[in-house]
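For reference, the structure discussed in these notes is given below.
Labels below follow one simple rule: chain letters A, B, ... track the order of the sequence lines, proteins then strands, and each chain is numbered from 1. Any value given below was found using the heavy atoms of this structure, including those in side chains, with hydrogens, waters and symmetry copies removed.
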Amino acid sequence: ETGVTQSPTHLIKTRGQQVTLRCSSQSGHNTVSWYQQALGQGPQFIFQYYREEENGRGNFPPRFSGLQFPNYSSELNVNALELDDSALYLCASSSGGALTYNEQFFGPGTRLTVL
Amino acid sequence: DQQVKQNSPSLSVQEGRISILNCDYTNSMFDYFLWYKKYPAEGPTFLISISSIKDKNEDGRFTVFLNKSAKHLSLHIVPSQPGDSAVYFCAASARNYGQNFVFGPGTRLSVLP
């Protein structure tokens with residue numbers, strides 16, 4: 001059974017650029033959640049995708065967007081990068097979708113640095 | 001406004017002794033709580049959870065206690081081992097949040113040999 005994988009591992013961008021981060025969910029999981037973890041803080045929920053549809057969103061602006069594909073892998077896109085977007089971006093996969101509390105399995109994260 | 005707080009950024013404990021990590025929350029709608037452990041360069045790993053209908057859940061060396069009236073939960077690790085050294089995150093959710101978990105800032109536990 002393959003765990004959650006994320007790519008790339010590290011990324012450096014400049015202000016105003018756009019970035020796409022990728023996540024492959026664990027086999028059998030149909031739900032993907034994205035979190036932003038700033039230095040010294042806990043992960044903050046960005047949004048969740050269940051069966052290819054957005055299924056909940058945290059307090060992040062619209063320049064944070066996402067996609068989920070038929071194989072349940074997912075992308076996080078961030079437009080017009082700002083310095084404060086520098087963080088570790090975590091993807092977590094689970095099964096069940098909304099109104100269930102199934103365990104979330106996290107990937108190792110993508111470290112984004114915005115200069 | 002932090003809905004989930006972990007007021008101790010770090011904790012050091014001697015190997016074999018008990019580690020107690022604390023977590024407080026403000027949202028009375030939270031009804032499900034989890035603890036995650038995170039090693040450097042890895043994603044958080046689920047440790048143990050508790051539903052608000054219980055006040056205790058035990059799994060091997062790990063026990064989570066929930067005090068709903070105080071909006072407080074704690075994670076006990078007995079006995080502590082050097083491999084337990086990691087950052088521990090408390091997370092909470094509410095039924096209408098789906099699988100959106102609100103995480104605390106974490107506590108770095110160091111277990112000294």
* Heavy-atom pairs under 4.5 Å with chain B, option from G109(A), C91(A), P43(A) with the top count -> P43(A)
* Structure fact -> Ranking A38(A), G42(A), G58(A) by heavy-atom pairs under 4.5 Å to chain B gives rank one to G42(A)
Indicate if [X] and [Y] have the same hydrophobic cluster label, given that clusters are the connected sets of ILVMFWY residues with side-chain heavy-atom separations under 4.5 angstrom.
X	Y	result
L11(B)	V4(B)	yes
V102(B)	W35(B)	yes
F46(B)	V87(B)	yes
I50(B)	I20(B)	no

* To do: Give a yes or no on this: more than 12 heavy atoms of other residues, nucleotides or ligands lie within 6.0 Å of atom CG of N59(A).
  => no
* To do: State whether the number of non-hydrogen atoms from other residues, nucleotides or ligands found under 6.0 Å of R61(B) atom CZ is greater than 12.
  => yes
* Proximity breakdown for Q37(A) and chain B, heavy-atom pairs closer than 4.5 Å -> side chain
What are the two closest heavy atoms between [X] and [Y], and how far apart are they?
X	Y	result
F101(B)	F45(A)	O-CB, 4.2 Å
P108(A)	A41(B)	CB-O, 4.1 Å
F89(B)	Q41(A)	CE2-O, 4.0 Å
L90(A)	G43(B)	CD2-CA, 4.3 Å

* chain A contact via Y39(B) - side chain, backbone, both or neither, heavy atoms under 4.5 Å -> neither
